[in-house]
Amino acid sequence: MKTDKIWGCTEPLIVTPLFEMHRLTIKPGFRCSLHVHRFKWNAFYVGYGKLFLDLLSNDMGGAVTVEELDIGGFTTIAPGVHHQFRTDVDGPLTSALEMYYTGPLSEDIVRRNVGGPM
């Protein structure tokens with residue numbers, strides 16, 4: 001079910017206890033709140049438009065790093081990093097996938113062989 005936000009809307013596509021994926025539609029010239037996830041990783045994949053991520057450093061100076069993602073761009077943000085996403089004022093409506101996940105999933109695989117050519 002889509003949820004309207006001041007910056008556009010979000011629609012949950014997959015929701016499980018360890019992983020979530022939402023489709024974001026972000027209006028030109030808008031941004032979400034500056035926020036932090038205490039335990040979850042956050043990832044973004046841009047399907048259409050351009051997305052900017054403002055990442056606030058954890059040091060006392062609080063410097064902002066800007067990451068720019070074009071169509072097909074992907075990035076992850078670690079837990080504990082304050083961030084916000086935004087779009088160009090003159091840009092198109094932006095469509096992106098936002099994912100939330102926890103760290104232990106990467107340790108989940110148990111291989112029975114090495115794989116390789118048949």
Visitor: Under a 4.5 Å cut-off applied to non-hydrogen side-chain atoms, are L13 and L97 in contact?
Guide: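 Side chain of L13 against side chain of L97, heavy atoms only: contact under 4.5 Å found.
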Visitor: If the condition is salt bridge (charged side-chain N to carboxylate O under 4.0 Å, His left out), which residues does E68 pass it with, not counting sequence neighbours?
Guide: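 Applying salt bridge (charged side-chain N to carboxylate O under 4.0 Å, His left out) to E68 gives K50.
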Visitor: Say whether H83 and N42, considering side chains only, have a donor N or O and an acceptor N or O under 3.5 Å apart.
Guide: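 Judged by distance alone, the side chains do pair up.
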Visitor: Report the distance from atom CE of M99 to atom CZ of F44, rounding to the nearest 0.5 Å.
Guide: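 Output value for this atom pair is 8.5 Å.
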Visitor: Going by the side-chain contact (heavy atoms from CB on, under 4.5 Å) test, name the single residue among T65, T75, V81 that passes it with L53.
Guide: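 Result for side-chain contact (heavy atoms from CB on, under 4.5 Å) with L53: T75.
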Visitor: Testing the basics here: between P92 and Y48, what is the closest heavy-atom pair and its distance to 0.1 Å?
Guide: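 Looking at all heavy atoms of both residues, the shortest contact is CB-CE2, 3.8 Å.
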Visitor: State plainly whether one hydrophobic cluster holds both L55 and V46, where clusters connect Ile, Leu, Val, Met, Phe, Trp and Tyr through side-chain heavy atoms under 4.5 angstrom apart.
Guide: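 Hydrophobic grouping puts L55 with V46.
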Visitor: Do I14 and Y45 sit in the same hydrophobic cluster, where Ile, Leu, Val, Met, Phe, Trp and Tyr count as joined when their side-chain heavy atoms come under 4.5 Å apart?
Guide: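 As far as the 4.5 Å side-chain criterion goes, Y45 and I14 are connected within one cluster.
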Visitor: Applying salt bridge (Lys or Arg N to Asp or Glu O under 4.0 Å) as the test, list every pair that has at least one member in residues 2-21; sequence neighbours left out.
Guide: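 Only E11-R23 qualify under salt bridge (Lys or Arg N to Asp or Glu O under 4.0 Å).
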Visitor: Side chain of T25, backbone of G8: donor and acceptor closer than 3.5 Å?
Guide: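 Not confirmed, T25 side chain does not pair with G8 backbone.
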Visitor: More than 12 heavy atoms of other residues, nucleotides or ligands under 6.0 Å from CG of D90: yes or no?
Guide: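 Count not over threshold, so no.
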Visitor: Under a 3.5 Å threshold, yes or no: a donor from one side chain and an acceptor from the other, between H82 and H35?
Guide: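 No, because no side-chain N or O of H82 sits under 3.5 Å from a partner of the opposite role on H35.
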Visitor: Can you tell me how far CD1 of I26 sits from SG of C32, rounded to the nearest 0.5 angstrom?
Guide: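 C32 atom SG to I26 atom CD1 measures 8.0 Å (nearest 0.5 Å).
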Visitor: Does atom CZ of R86 have more than 12 heavy-atom neighbours from other groups under 6.0 Å away?
Guide: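 Atom CZ in R86 is crowded, with more than 12 foreign heavy atoms closer than 6.0 Å.
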Visitor: Linking I/L/V/M/F/W/Y whenever their side-chain heavy atoms sit closer than 4.5 Å, directly or via other members, would L34 and F52 fall into one cluster?
Guide: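 Linked, L34 and F52 end up in one cluster.
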Visitor: Please determine whether residues L18 and Y100 belong to a single hydrophobic cluster, defined as Ile, Leu, Val, Met, Phe, Trp and Tyr linked transitively by side-chain heavy-atom distances below 4.5 Å.
Guide: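 Looking at the clustering, Y100 is in a separate group from L18.
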Visitor: Working to the nearest 0.5 Å, report the span between OH of Y101 and CZ of F19.
Guide: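 Between atom OH of Y101 and atom CZ of F19 there are 9.0 Å.
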Visitor: More than 12 foreign heavy atoms under 6.0 Å from CZ of F74: is that the case here?
Guide: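 Yes.
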Visitor: Can you tell me how far the CG atom of L93 sits from the CZ atom of F30, to the nearest 0.5 Å?
Guide: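 Between L93 CG and F30 CZ, I get 11.0 Å after rounding to 0.5 Å.
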Visitor: Any chance you could measure T87, atom OG1, to F85, atom CZ, to the nearest 0.5 Å?
Guide: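 Atom-to-atom, T87:OG1 and F85:CZ are 9.5 Å apart.
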Visitor: Hey, could you give me the NE2/SG distance between H22 and C9, rounded to the nearest 0.5 Å?
Guide: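 Rounded to the nearest 0.5 Å, the NE2-SG separation comes out at 12.5 Å.
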Visitor: Might you point out which heavy atoms bring P79 and F39 nearest each other, and give the distance in Å?
Guide: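 Heavy atoms of P79 and F39 come nearest at CG-O, 3.5 Å.
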Visitor: For residues P28 and V89, report the shortest heavy-atom separation together with the two atoms involved.
Guide: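 Answer, listing the atom of P28 first, then V89: CB-O, 3.7 Å.
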